[in-house]
Engineer: 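Before we start, here is the structure in question, set down as structure tokens.
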Amino acid sequence: MNTYNRLSDLHKDLLGGKFTCMDWVNQHISAIEASKDLNIFVEIFYQEARNRATVLDQKIKHGKPGKLAGLIVGIKDNICYKGHGLSAGSKMLNNFESLFSATVVERLLEEDAIIIGRLNCDEFAMGSSNETSFYGPVKNPLDTSKVPGGSSGGSAAAVAAGLCQVTLGSDTGGSIRQPASFCGLYGLKPTYGRVSRHGLVAFASSFDQIGPFAKSAEDLAKVMEVIAGSDNYDATASTKEVPEYHSKLKEANKPFRFALLKDTVDNNGIDPEIAEHTRQYAEQLKKEGHIVEEVSFPYFDYLVPIYYLIATAEASSNLARYDGVHFGHRSEKAHDLESIYKHSRAEGFGLEVKRRIMLGTFVLSSGYYDAFYGLAQKARNHITSEMKSLLAKYDFLISPTCPGTAFGIGEKQEDPIQMYLQDIFTVMANISGMPAISIPTGTHSNGLPFGVQLTADYFAEDKLLQMAERSSSLV
Ligand code: GLN
């Protein structure tokens, strides 16, 4: 099947009449059918995608197609699409149907994107490998014995396998950037508030952000222009104007100032090849005329604990609504109100989600609140102000996206601490709310891809996208 890495190339052919939108959709449906063993899709919207293709073919001939005309998009199974299933990878929401569409979905449809299905993910977006999903793990299309990363594993695998040109995921602690790194893709976590969270199943509301995966910075930019912006349904969505990111992609604001976070590359837990590659990337930037300095950011031992204290606290509160009464699976065993709650939650949630609810409830409980949750909030403020002062001096922070490449399915499943350490470099952007991008610059001697992560100041997605565009030719 013909696939495109850039929307502009697709548009040349599709809008130029080389093939119809219906052919395009059918090609994708066949490819999706042929790769069912990867377990990427939870549901394919066959009829709907074909109906939209019919309308769009007419529009291409006689009307004015939208900015994303014919772009085949998949959405993570925690983003609402009216009249379609939504399960957040959980038995708890098996058979649930969305009553409204997320703002991002409305905006994609308005610009004539074709949403082709919903994508497997870790249960309630909790995980780093897609193995906590009720539907089972997704296989990494680049090596099917490996995980695609998580929690947006299906979103990353769909793009890597060429089944969607762009997908949406959500990133609470790294769930866009880590799978992007594992699957050799570009993945952007926008500034907290840049993209509306209306219609995203809440995990940890002060961290959650929706963002795109793609094979080019151009596609990230074009999708961001459509999905970002203020929203009356989300009070945390910023009213700041959304720039035309794609037209700024080649703007040369040289030289930029980069801070290489030396505690990430001089870290015992990191794969030495990834550390070396990140240094080389920084060297290459210097050769290009940028200013690169090594800076110390000695907080990496604290970031994962801060994240897991706050994220589990927020999750325990957000997931209280799934009780078999307000929302979610209701147990057959239930006979009164209390047993509805108990049995429904015991049967509906998987192990990892239960672990998080218990931990979150504990850190919020009286007597422990100040010692855990309160302290984590103070530490969060401290990290944020340290990051702000670094970004007052530098345009970007450089680090690896992850400490390793994609690991084997089942390899880390029994060890939550190992799994949580996947997030060591990604959670800082969620803790501070800053935007960060994973750029696919590396290939390991084991044959697997990995990324470099750049973090920038609030609302500097334009600069991140420019660097992503330029980095394709850097290393
Ligand atoms: N791996 C992290 C976690 O399990 C991040 C998840 C996410 O970003 N949704 O919480």
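For ligands, and for the atoms within them, numbers begin at 1 and follow the listed sequence.
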Engineer: Who's touching ligand 1 if we go heavy atoms under 4.0 Å?
Structural biologist: A125, M126, G127, S128, S151, D171, T172, G173, G174, S175, F203, Y307, Y308, R356, D423

Engineer: Any salt bridge between E469 and K248, counting N to O under 4.0 Å?
Structural biologist: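 No.
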
Engineer: Just verifying a value: how many Å separate N120 CG and K76 NZ, rounded to the nearest 0.5 Å?
Structural biologist: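 Those atoms lie 10.5 Å apart.
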
Engineer: For E218, give me all partners under salt bridge (charged side-chain N to carboxylate O under 4.0 Å, His left out), at least two apart in sequence or on another chain.
Structural biologist: R6, K222

Engineer: Show me, pair by pair, the donor-acceptor contacts under 3.5 angstrom made by side chains of residues 181-190, not counting sequence neighbours?
Structural biologist:
| from | atom 1 | to | atom 2 | distance (Å) |
| --- | --- | --- | --- | --- |
| S181 | OG | G451 | N | 2.9 |
| K189 | NZ | M434 | O | 3.0 |

Engineer: Throw together a table of side-chain donor-acceptor distances under 3.5 angstrom for residues 88-99, partners on residues two or more places apart or in other chains.
Structural biologist:
| from | atom 1 | to | atom 2 | distance (Å) |
| --- | --- | --- | --- | --- |
| S90 | OG | M92 | N | 3.0 |
| S90 | OG | E123 | OE2 | 2.7 |
| S98 | OG | Y81 | N | 3.4 |

Engineer: Parallel under 30°, tilted from 30 to 60°, perpendicular over 60°: which one fits the rings of F124 and Y322?
Structural biologist: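 The rings of F124 and Y322 sit tilted, inter-plane angle from 30° to 60°.
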
